[in-house]
Amino acid sequence: MDKRILPHEFYDRPTLTVAQELLGATLVRVEKDVQIAGIIVETEAYVGESDLGCHAKAGKTPRTAIMYGMPGRAYVYFTYGMHWMLNAVTEAEGFPAAVLIRAIHPTEGVEIIASRRGKQPRTYWTDGPAKLTQALAIDKSFNGIDLCNSESGLWIESGKRVLEKNVTTSARVGLYTVPEPWKSKPWRFQISTL
DNA sequence: AGCACGATTAACT
DNA sequence: GTTAATCGTGCTC
């Protein structure tokens, strides 16, 4: 049953590759008796201490330690005083990098997503990194969990391959004070046609 | 101990 | 297009 869950080896590769190949994969969240899932349609890569857009630019701190650990773990952090962000740790242990999951297309558990996000039109339910963590009830308690098995109720399954011509790249979002060239690196990946 | 800021969102002009 | 909300984190004193 766990056959399609992406293994550690998937994440133990260059972050840009992982960020691109996570497009089309399915993010799955199981709560008590509900399953919520969606196809990942937008990601961003954060690559090492030299990437001044990456939290690891500050080196190994209590917050960033998880990015230095095993690939395939979840890095969940809090920002703007109210939002949780979900990342998948990438590359070999010791090298700090991760892929931010920025948007999904809901496929399962639409009713519970609606109950959490229904005040908004459907297209706005999970089209942002903090919106999808709201919809899937992901918070601090998921920081450090293994995304490569179903034990924690959160994992990622392989999906249909997305052709490169259907992937759009652009600059990462929200890096207002990050210097060039990092600010403009085309490390944001989106599916242009679902 | 204090401070500036943030990988955002929603509401408002 | 602009801005308030809101607090953990990392840095300075």
Side-chain angles (χ1 to χ4, degrees), chain A residues 11 14-23 25 27 36 38 40-69 71-91 95-106 112-145 147 154 156 167-191:
Chain A
Y11 300 95
T15 307
L16 297 184
T17 303
V18 177
Q20 183 159 342
E21 293 192 13
L22 276 176
L23 295 177
L27 181 65
I36 312 173
I40 296 172
V41 296
E42 181 178 345
T43 61
E44 278 177 4
Y46 290 87
V47 191
E49 296 177 349
S50 62
D51 174 6
L52 296 186
C54 181
H55 289 159
K57 70 184 179 204
K60 195 169 185 175
T61 66
R63 181 171 68 148
T64 63
I66 185 66
M67 278 201 282
Y68 289 77
R73 298 303 238 303
Y75 168 45
V76 179
Y77 70 90
F78 186 66
T79 191
Y80 291 108
M82 63 190 90
H83 298 306
W84 297 100
M85 305 285 172
L86 172 66
N87 300 252
V89 174
T90 58
E91 312 220 22
F95 185 86
V99 173
L100 171 68
I101 312 296
R102 286 193 59 87
I104 63 174
H105 177 79
I112 192 159
I113 292 178
S115 72
R116 290 173 178 151
R117 302 281 310 144
K119 296 166 206 154
Q120 298 289 327
R122 186 174 184 137
T123 51
Y124 297 136
W125 280 353
T126 54
D127 67 333
K131 297 181 185 181
L132 71 89
T133 56
Q134 268 182 45
L136 274 58
I138 294 167
D139 62 15
K140 188 186 190 106
S141 65
F142 288 85
N143 192 33
I145 63 116
L147 293 168
L154 181 66
I156 302 176
V167 175
T168 303
T169 62
S170 53
R172 293 173 294 179
V173 177
L175 307 186
Y176 305 103
T177 64
V178 173
E180 299 290 0
W182 310 109
K183 185 175 183 172
S184 299
K185 292 277 185 189
W187 290 354
R188 178 191 191 194
F189 301 87
Q190 293 172 93
I191 298 180

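Order of the sequence lines sets the chain letters (A, B, ...), proteins ahead of strands, with each chain counted from 1.
Taking atom CG of residue Leu132(A) and atom C1' of nucleotide dT9(B), one finds them 13 Å apart after rounding to whole Å. Nucleotide dG6(B) holds its P atom 11 Å from the NZ atom of Lys183(A), rounded to whole Å. Across the protein-nucleic acid pair, Trp84(A) atom CH2 and dT8(B) atom P stand 16 Å apart, rounded to whole Å. Taking atom CG on Leu100(A) and atom P on dG6(B), their separation rounds to 16 Å, with Å as the unit. Rounded to whole Å, the distance from OH on Tyr77(A) to C1' on dC7(C) is 15 Å. Straight-line distance from the NZ atom of Lys119(A) to the C1' atom of dT9(B): 13 Å, rounded to whole Å. One interatomic measurement links the two molecules: CG of Asn143(A) to P of dG8(C), which rounds to 14 Å at whole-angstrom precision. The distance between atom CG of Asp127(A) and atom P of dA7(B), rounded to the nearest whole Å, is 19 Å.
Straight-line distance between the C1' atoms of dG1(C) and dA7(B): roughly 22 Å, to the nearest whole Å.
Here Arg117(A) reaches the OP1 or OP2 of dA10(B): one of its side-chain N or O atoms lies under 4.0 Å away. For the OP1/OP2 pair of dT9(C) and a distance below 4.0 Å, the side-chain nitrogens and oxygens of Thr79(A) include no atom meeting the criterion. Gln120(A) has a side-chain polar atom (N or O) that falls below the 4.0 Å cut-off from OP1 or OP2 of dA11(B).
Of the residues in residues 49-62 of chain A, Gly53(A), His55(A) come within less than 4.0 Å of DNA chain B through at least one heavy atom, sorted by number.
Note on Glu44(A) versus Arg172(A): no salt bridge recorded, every NZ/NE/NH1/NH2 to OD/OE distance being 4.0 Å or above.
Checking dC7(C), dT8(B), dG6(B) against the side-chain heavy atoms of Arg102(A) singles out dT8(B) as nearest. Comparing dG6(B), dT9(B), dG8(C) against the side chain of Phe78(A) picks out dG8(C) as the nearest.
Judged by distance alone, with hydrogens and angles left aside, the side-chain atoms of Trp125(A) form a donor-acceptor pair with the main-chain N or O of Gln120(A) at under 3.5 Å. Between the Asp127(A) side chain and the Ala103(A) main chain, no donor and acceptor come within less than 3.5 Å of each other. With hydrogens and angles ignored, the 3.5 Å screen pairs no side-chain donor or acceptor of Ser184(A) with any backbone N or O of Pro181(A).
Classified by interplanar angle (parallel below 30°, tilted 30° to 60°, perpendicular above 60°), the ring pair Tyr77(A)/His55(A) is perpendicular.
Consecutive pairing runs in DNA chain C reach the stem threshold at B:1-6 with C:7-12, B:8-12 with C:1-5, where a stem means at least three Watson-Crick or G-U wobble pairs with distances under 3.5 Å.
Inspection of the Tyr68(A) and Glu91(A) side chains reveals no N or O donor paired with an N or O acceptor under 3.5 Å.
Put simply, the side chain of Tyr124(A) and the base of dA10(B) share no donor and acceptor less than 3.5 Å apart.
Screening His83(A), Arg117(A), Arg116(A) for a side chain to side chain donor-acceptor pair (under 3.5 Å) involving Gln134(A) leaves a single residue, Arg117(A).
Nearest-nucleotide assignment on DNA chain C puts the 5′-proximal partner with Met82(A), out of Met82(A) and Lys140(A).
Taking every heavy atom of both residues into account, Val41(A) and His105(A) meet most closely at CG1-CB, 4.0 Å. Of all non-hydrogen atoms in Pro186(A) and Thr169(A), the two that sit nearest each other are O-CB, 3.8 Å. Taking every heavy atom of both residues into account, Leu132(A) and Leu27(A) meet most closely at CD1-CD2, 4.1 Å.
Using a 4.0 Å heavy-atom criterion, one finds that Arg172(A) contacts no nucleic acid atom at all.
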